[in-house]
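In what follows, a structure is listed as structure tokens, so that the remarks can point back to it.
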Amino acid sequence: MNTTKSYSNSRTFDLILTAMLIALVFVATLLINIKLPITANGGLVHLGTAMLFIASILFGPKKGAIAGAVGMGLFDLISGWTLWAPFTILARGLQGYIVGKIAWSKHRKGNNFTFNLLATISSIPFMLGVYYICERVIFGSWILPVASIPGNLVQNVVGICVAIPVCAVLRKVPVFK
């Protein structure tokens, strides 16, 4: 009986934590975003990417993927970027998974600064690739999607510059040790 109750409490906590991470990514994307004037499809710079990195580094690949995919997908659905929602779900889910998988490799659990930085940087080409292919499908051109790459790079660099120091500080808090 205690095993069942413990398992149930663990699953409930896991569900609540995942929902909170989704909400944090969504709110960070919604409240603090700047539309880039690079091109018509120049995109946004927002803190949702930083929250995706933080969720993946602190809680691993599964929660990072779900938080990024659902949080940013919901943002796209409610903010006029509806066409992009399926692509965002794919790109950001993959990005969150990659960051978490590398940061948590070999039992590190996001505790290694170098691997956390490597994880975030390594995820960028995959995110860029998914969005590039999706824009190719939407715009019917292999050239037009190139214009959104600088904005996506800026967004990821901002995310890294915020997430890596925040994770380093949070790892010193007893709850995250």
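Values reported hereafter were calculated over all heavy atoms of this structure, with side chains retained and with hydrogens, waters and symmetry mates removed.
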- Would you sort out whether L21 and L58 count as a side chain to side chain contact (heavy atoms under 4.5 Å, CB included), showing the intermediate values? CA-CA 11 Å; L21 292 172; L58 294 179; over 6 Å; no
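- When every heavy atom of F75 is checked against every heavy atom of W81, the shortest pair comes out as CE2-CD1, 4.1 Å.
- In the hydrophobic clustering of ILVMFWY residues, with side-chain heavy atoms under 4.5 Å counting as a link, F139 and I149 come out together.
- Residue I143 places its CD1 atom among 12 or fewer non-hydrogen atoms of other residues, nucleotides or ligands, all under 6.0 Å distant.
- Across all their heavy atoms, T82 and L77 have their closest contact at OG1-O, 3.5 Å.
- Residues A50 and A163 come closest through the heavy atom pair O-CB, 3.6 Å.
- The shortest distance between side-chain heavy atoms of F26 and M51 does not fall below 4.5 Å.
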- Item | side chain to side chain contact (heavy atoms under 4.5 Å, CB included) between R92 and Y131, intermediate numbers included | CA-CA 10 Å; R92 297 314 187 134; Y131 275 126; 3.8 Å; yes
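- Side-chain contact check for Y97 and S123: no donor-acceptor pair (N or O, by modelled atom type) lies under 3.5 Å.
- Distance SG/C167 to CG/N111: 10.5 Å, rounded to 0.5 Å.
- Contact record, G151 with V45: O-CG2, 4.3 Å, taken as the closest heavy-atom pair.
- The CH2 atom of W104 sits 15.5 Å away from the CZ atom of F115 when rounded to the nearest 0.5 Å.
- With rounding to the nearest 0.5 angstrom, the CD1 atom of I121 is 13.5 Å from the CD1 atom of I98.
- Tracing side-chain contacts under 4.5 Å through hydrophobic residues (I, L, V, M, F, W, Y), one never reaches V130 starting from L52; they form parts of separate clusters.
- Between the side chain of S148 and the main chain of P145, a donor-acceptor pair closer than 3.5 Å is present.
- Residues Y132 and V146 form a side-chain contact, since some pair of their non-hydrogen atoms from C-beta on lies under 4.5 Å apart.
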- Message: If you apply the rule side chain to side chain contact (heavy atoms under 4.5 Å, CB included), what do you find for I102 with R108, and how did you get there?
- Response: CA-CA 9 Å; I102 294 171; R108 283 188 190 86; over 6 Å; no
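- Contact check for L30 versus I78: side-chain heavy atoms found under the 4.5 Å cut-off.
- No continuous path of ILVMFWY side-chain contacts below 4.5 Å connects L118 to I164, so the two sit in separate hydrophobic clusters.
- For the atom pair NZ (K109) and CZ (R171), the distance works out to 9.5 Å, reported to the nearest 0.5 Å.
- Between the side chain of N156 and the backbone N or O of N152, at least one donor-acceptor pair lies under 3.5 Å.
- What you find for G73 and A85 is that their closest heavy atoms are O-CB, 4.0 Å.
- The side-chain heavy atoms of L153 and L128, taken from C-beta on, include a pair separated by under 4.5 Å.
- Rounded to the nearest 0.5 Å, atoms CE (M127) and CZ (F87) are 14.0 Å apart.
- Separation of atoms CG (L117) and CG (N112) is listed at 10.0 Å; rounding is to 0.5 Å.
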- Task: Carefully, step by step, assess I57 and T120 under the rule side chain to side chain contact (heavy atoms under 4.5 Å, CB included).
- Result: CA-CA 9 Å; I57 290 168; T120 55; 4.2 Å; yes
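- Taking every heavy atom of both residues into account, S56 and A65 meet most closely at OG-N, 4.5 Å.
- Hydrophobic clustering, with ILVMFWY side chains joined whenever heavy atoms are under 4.5 angstrom apart, groups I66 together with L24.
- For R136, there are no side-chain hydrogen bond (donor to acceptor under 3.5 Å, both in side chains) partners two or more places apart in sequence or in a different chain.
- By the rule that hydrophobic residues join a cluster once side-chain heavy atoms approach within less than 4.5 Å of another member, L47 and L170 end up as members of one cluster.
- You'll find the side chain of T49 reaches within 4.5 Å of the side chain of M72, heavy atoms only.
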